[in-house]
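Step one of this worksheet: look at the structure below.
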Amino acid sequence: MSSIARWSYKYTATVKPFAAVDGMTGETLYGAEYDIACNVTAALNEVRLSTGPDGANGNEAVATHVIYTEDGRPQKGDMIQFVESDGWQEILSRTFWDMAAFGDTPDYKLVT
């Protein structure tokens with residue numbers, strides 16, 4: 001872990017890496033759990049629906065968690081859990097920033 005990450009990532013989350021889907025049962029299989037150092041924030045986005053389930057227009061609030069980490073192992077499709085969460089959440093998005101200009105390894109943003 002870089003000196004910048006050691007200073008900024010003071011939180012720990014647990015990741016279950018996606019392994020496969022069992023072709024017989026349809027069950028999703030995961031690999032061995034591991035911990036990552038990170039920071040976690042919550043985001044609440046309002047999505048405008050053109051037609052709701054009953055045909056009505058309206059808005060929907062969508063809550064997500066945004067996780068920042070230097071650990072490159074978590075991938076889209078993996079599951080993540082942290083103390084304030086209500087259980088395992090799927091990682092829906094993964095992006096990264098090149099930190100080479102600072103002489104550091106990339107940082108990653110994971111969204112549930």
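Being a predicted model, the structure only gives us computed values, none of them experimental.
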Spatial distance of atom OG1 (T95) from atom CG (L110) [nearest 0.5 Å] | 8.0 Å

Hey, quick one: are V66 and Y9 part of the same hydrophobic cluster, counting side-chain heavy atoms closer than 4.5 Å, chains of contacts allowed?
-> yes

Contact check, side chains of P74 and I80, non-hydrogen atoms, under 4.5 Å | no

Donor-acceptor contact below 3.5 Å, side chain R94 vs main chain G77 = no

With sequence neighbours excluded, residues passing side chain to side chain donor-acceptor pair (under 3.5 Å) with R73 = D71

From CD1 (I67) to OG1 (T41), nearest 0.5 Å | 8.0 Å

Quick one: does T112's side chain have a donor or acceptor within less than 3.5 Å of a partner on H65's backbone?
-> yes

Which residues share a side chain to side chain donor-acceptor pair (under 3.5 Å) with Y34, sequence neighbours left out = none

Which other residues end up in the same hydrophobic cluster as W88, if Ile, Leu, Val, Met, Phe, Trp and Tyr are linked when side-chain heavy atoms come under 4.5 Å apart?
-> F18, V21, Y30, M79

Rounded to the nearest 0.5 Å, how far does CD1 of I91 lie from NZ of K16?
-> 12.0 Å

For D35, check side chain to side chain donor-acceptor pair (under 3.5 Å) against everything at least two apart and list the hits.
-> T14

Only counting residues at least two apart or in another chain, list the ones meeting ring-ring contact (aromatic ring centres under 6.0 Å, His included) with Y68.
-> none

Single-linkage hydrophobic cluster, 4.5 Å side-chain cutoff, I36 and Y108 together = no

